[in-house]
Amino acid sequence: MIKKSSALQEKQGVSQPETTNKLSAEKIKKNRAKHNSVEEFVTHILEGNIPFLSKAITLVESTNAKHQEKANLILERCLPYANNSVRIGITGVPGVGKSTFIEAFGKHLTSLGKKVAVLAVDPSSSVNKGAILGDKTRMEQLVTDPNAFIRPSASGNSLGGVAQKTRESIILCEAAGFDTILIETVGVGQSETLVHSMVDFFLLLKLSGAGDELQGIKRGIIEMADAIVINKADGGNEKNAKLAKVEFNRALHLYPLKESNWQPKVLTASALNNLGIDKVYAIIQEYLQLTKENNFFTNKRNEQNKFWLLSTIEQELKANFYNNPKIKKALEKEISELEKQKTTPFNAAKRLLNI
């Protein structure tokens, strides 16, 4: 019986050459194995070396104990060269156009000779803890600007979508010569308190015709805003944007005057068409002039430093508590007792705290 060959036969393919040069691969391996000293990091950061700035921020964000120790030394050495920038927080609900606005705003600032660092916080998955970190992709023009630096970070479990180490990253960016720091958050409402506690000016982006007018009147995040920008005021949405501006102005006048003596302003803008961006910057300049003259600018930064001191103490106490081997063992026992209905959460907590 003659065996018929199948019509579906795979022919021997052409072998592909190696895509990676061996010498290049060896060079990459050596560079990865090389550990730069703290002095090297500081020297290059002060020179404005972007690769070293990025690596330093990676060390700051790392949970590795050795990385943290090295990052702290770098931060201490960079601190005398920091605190010379304007820090601007930008928030708004997802879809409001934060990335488009930041790109247009950032390009406007660099055109004026400013050096802009964007610390963009992307939401992390609550399931696998991953994040897309796509801000560089969305800001196609700004990412190629030699006077701009964009650093996306995952929000992790930190409240309000502010990465835990964002404040330290600000210090490094300032030491590298960036005079304007833009912090973009994921925009989840009142929990944006954290970003408010690390910036000089807090900008809230809003949409018109999307029910945002009613949301904006609610207390909370609007009380923290130094300016509200109705974005996407273009096309057929210009009329709605003007109406929203009137509504927000009415709402803002219901609130008492801020401690800074600044009356928050409402503007309309189209980041897509680059309209109104210059007016936003003019408002920020007006705010900075007022708050520096009445010393609110300096006082606010001092209060922020106190806030982060106490916040860091709380974080360290919490971490030390849960990493204590005795606590870990006792916690398992208390949870077991809770499940058996033999104790209450409050009594269990008291016993654990007294260990």
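The figures here come from the full heavy-atom set of this structure, side chains too, leaving out hydrogens, waters and symmetry mates.
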What's the separation between atom [atom1] in [X] and atom [atom2] in [Y], rounded to the nearest 0.5 Å?
{"X": "Leu119", "Y": "Arg151", "atom1": "CG", "atom2": "CZ", "value": "9.0 Å"}
{"X": "Asn231", "Y": "Ile277", "atom1": "CG", "atom2": "CD1", "value": "7.0 Å"}
{"X": "Leu310", "Y": "Gln315", "atom1": "CG", "atom2": "CD", "value": "11.5 Å"}
{"X": "Ser260", "Y": "Asp200", "atom1": "OG", "atom2": "CG", "value": "11.5 Å"}
{"X": "Phe248", "Y": "His253", "atom1": "CZ", "atom2": "NE2", "value": "14.5 Å"}
{"X": "Leu109", "Y": "Asp179", "atom1": "CG", "atom2": "CG", "value": "8.5 Å"}

How about [X]: does its [atom1] atom have over 12 heavy atoms from other parts shown lying under 6.0 Å from it?
{"X": "Lys107", "atom1": "NZ", "result": "yes"}
{"X": "Glu259", "atom1": "CD", "result": "no"}
{"X": "Lys239", "atom1": "NZ", "result": "no"}
{"X": "Phe296", "atom1": "CZ", "result": "yes"}
{"X": "Gln263", "atom1": "CD", "result": "yes"}

| request: Sort out for me which residue in Ile170, Val118, Ile88 forms a side-chain contact (heavy atoms from CB on, under 4.5 Å) with Ile183. | output: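 Single pass found, and it is Ile170.
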
(request) Kindly confirm or rule out a cation-pi arrangement of Lys55 over Phe52, judged by NZ or CZ under 6.0 Å from the six-membered ring centre and within 45° of its axis? (result)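 The answer is yes; both the distance and angle limits are met.
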
Using the side chain to side chain donor-acceptor pair (under 3.5 Å) rule, take Asp234 and Ser270 through it: C-alpha gap first, then chi angles, then the decisive distance, then the call. CA-CA 6 Å; Asp234 45 44; Ser270 170; 2.6 Å; yes

task: Please test Glu337 against Thr343 for side chain to side chain donor-acceptor pair (under 3.5 Å), starting from the C-alpha separation and ending with a verdict.
output: CA-CA 6 Å; Glu337 293 293 300; Thr343 187; over 6 Å; no

- Any chance you could lay out the salt bridge (Lys or Arg N to Asp or Glu O under 4.0 Å) test for Glu69 and Lys66, step after step, and finish with the verdict? CA-CA 5 Å; Glu69 185 180 349; Lys66 289 183 178 178; over 6 Å; no

Judged by atom type as modelled, is there a donor-acceptor pair below 3.5 Å linking the side chain of [X] to the main-chain atoms of [Y]?
{"X": "Thr110", "Y": "Gly106", "value": "yes"}
{"X": "Glu76", "Y": "Leu73", "value": "no"}
{"X": "Asn49", "Y": "Leu46", "value": "no"}
{"X": "Trp308", "Y": "Ser197", "value": "yes"}
{"X": "Glu103", "Y": "Gln141", "value": "yes"}
{"X": "Lys265", "Y": "Asn249", "value": "no"}
{"X": "Lys98", "Y": "Gly92", "value": "yes"}
{"X": "Asp226", "Y": "Pro264", "value": "no"}
{"X": "Asn324", "Y": "Asn320", "value": "no"}

* To do: For side chain to side chain donor-acceptor pair (under 3.5 Å), just list the numbers for Asn240 and Asn237, CA-CA rounded to whole Å, side-chain angles, deciding distance to a tenth of an Å, and then say yes or no.
  => CA-CA 5 Å; Asn240 286 335; Asn237 207 34; 3.2 Å; yes

Determine the minimum heavy-atom distance between [X] and [Y], stating which atoms define it.
{"X": "Phe201", "Y": "Ala227", "value": "CZ-CB, 3.5 Å"}
{"X": "Ala348", "Y": "Glu334", "value": "CB-OE1, 3.4 Å"}
{"X": "Glu184", "Y": "Met139", "value": "OE1-CE, 3.8 Å"}

Applying side-chain contact (heavy atoms from CB on, under 4.5 Å) to Ala241 and not counting sequence neighbours gives Ser208, Ile230, Ala233, Thr268

Are any of the side-chain nitrogens in Arg77 or Glu39 under 4.0 Å away from the carboxylate oxygens of its partner?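 Judged by the 4.0 Å cut-off on N to carboxylate O distance, Arg77 and Glu39 do form a salt bridge.
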
task: Using a strict cut-off of less than 4.0 Å between a Lys/Arg side-chain nitrogen and an Asp/Glu carboxylate oxygen, indicate whether Glu303 and Lys306 qualify as a salt bridge.
output: yes

With sequence neighbours left out, the residues meeting side-chain hydrogen bond (donor to acceptor under 3.5 Å, both in side chains) with Asn347 are Thr344

